[in-house]
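I have placed the structure first, in the form of structure tokens, so that the comments after it can refer back to it.
For the numbers below, each heavy atom of this structure counts, side chains included, while hydrogens, waters and symmetry mates do not.
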Amino acid sequence: MNTNPISEIRNRQLEHVPVLLTEAVDLLNPKAGGVYVDGTLGAGGHAAEILKRSAPDGVLIGIDQDAEAIQRCTTALAGYGNRVIIRQENFRNIERVLLETNHPAVDGVLLDLGVSWFHLKTPERGFSFMLDGPLDMRMDRNSHGPTAADMVNTLSRQELAKIFYEYGEERRAGAIARAIEKARTRGAIASTAQLAGIVASVFPPYPPRRIHPATQTFQALRIAVNDEIEALRTGLHQILAHVKPHGRIAVITFHSLEDRIVKQAFAAAARACVCPPKMPTCSCGKKSELTVLTRRPVTAGPEEVERNPAARSAKLRAAEKL
């Protein structure tokens, strides 16, 4: 049967494809009777795979701060009945969710820190420079925190440059911040297309870039708006306290700063004695809490990247609780 390649491309664009699905769930190693947490439900792809592998009685606690993700997954996972517990919450508050659901200790936790394809393809959410919309970028639109528009219109040039450099690893951070400062003297910066144009003006029109010049700036703003770095640090600390012995933690990151935080958190928890090297005997009493399962991060192969370009920057790390 002949297929229409244009239709196939459009269908793929409307579908959120979970990144490193097999690799992440393999490392999580779900089993029947276990209790697992997907702290970033998104479209429910990882959650569904965990439920399949933990059949017939494994329980999945799904968390997401986005109300639309909660609605999608409530429908998509309804067939699993009472094996699924879904809560709208940020995974930085995973401890609260576990205590409220009467599961203070779980067998595994998965975090996928990437932005959802649904976010990028919904203009009114303000995540994408490819579709014009209001500069929002809040994962939880009911939150009272600042939007991206609030930040670009009120933060100082120095504060903006710091955000772009630290969270976006943008080498032209200072120039972009100056361009924003100049542009907002003519009026508020309100839309994604407006901001993308300001950022692009800082870059020469040639040679062609592999990625859009606004990519790193938009990423940095999203991380800042949602306080994603502090959420990751807080969430990892709580997760370590609530995973059972031999339980596993798997984290997929898309940013070198996030990957570094996960790597360092796992390494610190895996370390035993932290006494100074010159101490003749250990006096700190620290014991290893984890075994790191991934000496190097797992990355997507060429076939997955070809099928799903979002997987290009994904890094997966995992550890097992002792």
Side-chain angles (χ1 to χ4, degrees), residues 13-14 16 39-43 63-74 87-93 111-157 159-170 173 176-177 179-181 183-202 211-232 235 254-255 257-258 310:
Q13 288 177 338
L14 293 173
H16 177 79
T40 48
L41 264 177
I63 301 171
D64 205 293
Q65 60 185 318
D66 187 332
E68 293 175 20
I70 293 296
Q71 292 173 356
R72 281 194 302 270
C73 290
T74 298
R87 292 290 183 272
Q88 184 180 352
E89 185 58 88
N90 190 307
F91 67 79
R92 72 192 303 163
N93 299 316
L111 300 179
D112 174 3
L113 305 181
V115 64
S116 168
W117 194 244
F118 296 106
H119 291 137
L120 297 175
K121 287 298 177 182
T122 308
E124 58 267 27
R125 300 301 301 269
F127 286 96
S128 176
F129 46 79
M130 303 300 290
L131 299 170
D132 194 19
L135 267 176
D136 191 326
M137 296 195 192
R138 290 171 300 166
M139 294 288 190
D140 178 2
R141 287 196 281 183
N142 293 321
S143 76
H144 299 295
T147 64
D150 293 330
M151 287 192 169
V152 299
N153 286 296
T154 64
L155 294 183
S156 69
R157 171 169 54 85
E159 289 171 316
L160 286 172
K162 184 178 180 182
I163 287 171
F164 301 152
Y165 183 77
E166 291 188 359
Y167 295 161
E169 299 177 316
E170 176 54 73
I176 293 168
I180 289 172
E181 184 180 53
R184 68 193 188 190
T185 63
R186 299 188 293 269
I189 301 169
S191 76
T192 55
Q194 189 180 1
L195 178 60
I198 294 166
V199 175
S201 72
V202 172
I211 61 172
H212 191 283
T215 300
Q216 289 161 277
T217 299
F218 270 64
Q219 172 186 267
L221 273 174
R222 189 205 81 222
I223 290 172
V225 165
N226 296 287
D227 195 23
E228 293 178 25
I229 299 304
E230 188 55 37
L232 178 57
F254 293 81
H255 184 283
L257 178 56
E258 293 171 335

inquiry  = Closer than 3.5 angstrom, by distance alone: can the side chain of Arg184 be matched with the main-chain N or O of Val152 as a donor-acceptor pair?
reply    = yes
remark   = What one should report as the nearest heavy-atom pair of Val199 and Pro213 is CG1-O, 3.5 Å
ask   = So, the side chain of Asp64 versus the backbone of Leu41: is there a donor-acceptor pair under 3.5 Å, distance only?
value = yes
ask   = Does Asn153 have any side-chain hydrogen bond (donor to acceptor under 3.5 Å, both in side chains) partners at least two apart in sequence or in another chain, and if so, which?
value = none
inquiry  = Check this for me, if you would: do Asp140 and Arg138 make a salt bridge, where the nitrogen-to-carboxylate-oxygen distance has to be below 4.0 angstrom?
reply    = no
Pair Met137-Thr147, side-chain contact (heavy atoms from CB on, under 4.5 Å): steps then yes or no = CA-CA 6 Å; Met137 296 195 192; Thr147 64; over 6 Å; no
query = Could you walk me through whether Asp227 and Asn90 pass the side-chain contact (heavy atoms from CB on, under 4.5 Å) check?
reply = CA-CA 11 Å; Asp227 195 23; Asn90 190 307; over 6 Å; no
message = Which heavy atom of Leu111 sits nearest to which heavy atom of Gly39, and what is that distance?
response = CD2-CA, 3.7 Å
query = According to the interplanar angle, ranging from 0 to 90°, do the rings of Phe218 and Phe129 count as parallel (below 30°), tilted (30 to 60°) or perpendicular (above 60°)?
reply = perpendicular
query = CD/Glu166 to CG/Leu257 distance, rounded to the nearest 0.5 angstrom?
reply = 8.0 Å
inquiry  = I need the minimum non-hydrogen distance between Glu258 and Leu232, along with the two atoms involved.
reply    = O-CD2, 3.8 Å
Main-chain N/O of Met139 paired with Arg125 side-chain donor or acceptor, under 3.5 Å = yes
message = Quick one: does any side-chain atom of Gln216 pair with a main-chain N or O of Gly168 as donor and acceptor, under 3.5 Å?
response = yes
query = Taking only residues two or more places apart in sequence or in another chain, which ones pass side chain to side chain contact (heavy atoms under 4.5 Å, CB included) with Tyr165?
reply = Ala173
task = Return the minimal non-hydrogen interatomic distance between Ala179 and Val202, and the atom names on each side.
result = CB-CG2, 3.8 Å
note = Residues at least two apart in sequence or cross-chain that pass side chain to side chain contact (heavy atoms under 4.5 Å, CB included) with Gln219, listed by chain then number, are Arg222, Ile223, His255
request  = Would you give the length of the straight line joining atom CD of Gln65 to atom OG of Ser143, rounded to the nearest 0.5 angstrom?
outcome  = 8.0 Å
message = Please check this pair: side chain of Thr192 against backbone of Gly126, looking for a donor-acceptor N/O pair closer than 3.5 Å.
response = no
key: Under 3.5 Å donor-acceptor, Asn226 side chain and Glu228 backbone   = no
